[in-house]
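Read the structure below first, then the notes.
In what follows, every chain begins at residue 1, and chains take the letters A, B, ... in the order their sequences are listed.
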2 protein chains.
Amino acid sequence: MSQTVDRALSILPLLAEGPADLGQVATRLDVHKSTALRLLRTLHDHGLVYRQSDQRYRLGARLFALAQEAAEHLDVREIAHPHLVALNEACGHTVHLAIHEDNEVLYIDKVESRYPVRMYSRIGKPVAITVAAVAKLLLADLSEPERRAIAERLDYPRYTPRSTPNAEAYLKELATVREQGWATDLGGHEESINCVGAPIRGTDGRSIAALSVSAPNVVVTAEELLTLLPLVRRTAEAITREYAGTTTPPAA
Amino acid sequence: MSQTVDRALSILPLLAEGPADLGQVATRLDVHKSTALRLLRTLHDHGLVYRQSDQRYRLGARLFALAQEAAEHLDVREIAHPHLVALNEACGHTVHLAIHEDNEVLYIDKVESRYPVRMYSRIGKPVAITVAAVAKLLLADLSEPERRAIAERLDYPRYTPRSTPNAEAYLKELATVREQGWATDLGGHEESINCVGAPIRGTDGRSIAALSVSAPNVVVTAEELLTLLPLVRRTAEAITREYAGTTTPPAA
DNA sequence: GCACCCGTTGCGTTCTGTGCAACACTCATT
DNA sequence: AATGAGTGTTGCACAGAACGCAACGGGTGC
């Protein structure tokens, strides 16, 4: 919408890949060096970009401050965290917390597995929306037309033979998840990794977040993982209750 | 430097204070509503800003992703973290890790105290540069003219009667810190809180980060806290050594 | 039903961002 | 030393993009 800002903001994910010098930035943005310089300076003034001693640019520490403040306003996260830790202590596996935002589902918290074999994921990273248990949980509670609109807009990458193949299958899966109140991902994203998840609901009963437990086949089989379902659901419900307690009804 | 980008970026800290609607943003920026709308839309397109259900804007979860990626490139943090945890387990108090960037000193990691009485701080937050132990450690290793330039540019807020009063006192303090290789903050920021810290050095011997242990008077006296100094220094040195081991000399 | 408030749109003007070209600087190479 | 290629930086004229205005639309409350 605004060309200048658009270009400037495009620099951030670019630098997230690693430090870059002025020329590289200009090339990647397809603008003149002087333009890139001006944009970088402005970003620098706001602390979002830092110039390291070799003159190359990288993301600035101010991003931490902003992200951290943003996190403080995501109060679900604060409330959920101790529960996630408890769940991890009980089962030992990786625990994720995710929210739905702008047609993306993002992990906003994570407690690492105690086992040496870990799955790769990253807080803030968009999840594979067509297969992840948390994604299904969050989308399942949307209205029927919304679900349909999203389902049809998505791509359905075949991460594995078990990945959701198309919109039709996805909508059916969402209906199932909505019905049963929990979801799984059995090798749909990575062949050897299974997940089981449950929704955290707002005061209006719709899911505002979702948590999941993930473990590789080599540690526990899918059947064994499913025995954790009651625990996972109880944890989600505990968070839901606590969230309801602290939530003041909409002010205005 | 670039007006449009400057305005757009100014929205971020504004929203960090809490969600705001279009009118509020426009007022705070002192621009027309339509201008604010355009900027917000652009930020939104990049995921830095999220529009919640009541139409108000807040910071977007994409900021997490960026901050997280930025953190992965701050390799000091990765290396230091387990040491900080170990230090916390040994002494029980709050442990901070900070770096110096653009005339600010920022916390980039933190391990919470095990005691119920905690001090307030936040990762990403700029620290009180004139009094904090970590700030003194990081500035002490700059060249003499740099130190002088910074010292004279700073304000010297009197947080407490023990706060550093002026540039002269600060420069003297920096000299002491440089000499002895460790630093304290004894009630200089908050009356009842004491800190003791030590520097983490790069391969060139200059401090690239600093860690500190903080505890309130009610838990341990300043004298007791100082008995931790050898442990704090050993921890910092261990991180320094590990950092030196993993650091590949500048490529080009 | 009215008035009010808020977000949104289209448009003409003008200010701002743009790319160019020249400059300054460092670092290798000859 | 001198040359050249590679950086980052500056000033400037032009054009195009961002600006503010005014009018519209869709709520909400009186």
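The phosphate of D:dT10 (OP1 or OP2) has a side-chain N or O of A:Arg41 nearer than 4.0 angstrom. Contact annotation: A:Arg51 reaches the phosphate of D:dT9 (side-chain N/O to OP1 or OP2, under 4.0 Å). Checking the phosphate oxygens (OP1, OP2) of C:dG17, no side-chain nitrogen or oxygen of A:Thr35 falls inside 4.0 Å.
Under the rule for a side chain to side chain donor-acceptor pair (under 3.5 Å), the partners of A:Glu173 that lie at least two apart in sequence or sit in another chain are A:Lys136.
Side-chain proximity of A:Gln55 to D:dA18, C:dG17, D:dG8: nearest is D:dG8. Listed candidates were C:dT8, C:dG7, C:dG17. Nearest to the side chain of B:Asp21 is C:dG7. Counting only heavy atoms from C-beta on, A:Tyr57 has its side chain closest to D:dT9 among D:dA22, D:dT9, D:dA18. When the nucleotides C:dT8, D:dA17, D:dG8 are ranked by their closest atom to the side chain of A:Thr4, D:dA17 comes out on top. Which of D:dC19, D:dA18, C:dT18 sits closest to the side chain of A:Arg7 comes down to C:dT18.
Toward the 5' end of DNA chain D, the nearer of the two residues B:Val31 and A:Gly23, judged by each one's closest nucleotide, is A:Gly23.
To the nearest angstrom, P of D:dC19 lies 12 Å from CG of B:Leu40. In this structure, A:Leu37 atom CG and C:dT18 atom C1' are separated by 13 Å, rounded to whole Å. Taking atom CD of residue B:Gln24 and atom P of nucleotide C:dG7, one finds them 8 Å apart after rounding to whole Å. Following rounding to the nearest Å, B:His32 (NE2) and C:dC11 (P) show an atom-to-atom distance of 17 Å. Atom-to-atom, CZ of A:Arg38 to C1' of C:dT18 comes out at 6 Å; the value is rounded to the nearest Å. One can place CE of B:Met1 at 10 Å from P of D:dG11, the figure rounded to the nearest angstrom. Distance, B:Asp54 CG to D:dG27 P: 16 Å, rounded to whole Å. For the pair A:Gln3 CD and C:dT16 C1', the interatomic distance rounds to 12 Å; values are reported in whole Å.
In this structure, the side chains of A:Thr4 and B:Thr42 stay at 4.5 Å or more apart for every pair of heavy atoms. Counting heavy atoms from C-beta outward, A:Ile150 and A:Asn103 have side chains that approach closer than 4.5 Å.
No engagement by A:Arg56 is indicated, since no non-hydrogen atom pair under 4.0 Å with the nucleic acid exists. Within the 4.0 angstrom heavy-atom criterion, base atoms lie near B:Ser34.
Between A:His96 and A:Tyr107, the ring-plane angle classifies as parallel under the 30° and 60° cut-offs.
A donor-acceptor pair is defined here as one N or O able to donate and one able to accept, closer than 3.5 Å; no such pair exists between the side chain of A:Arg51 and the backbone of A:Arg58.
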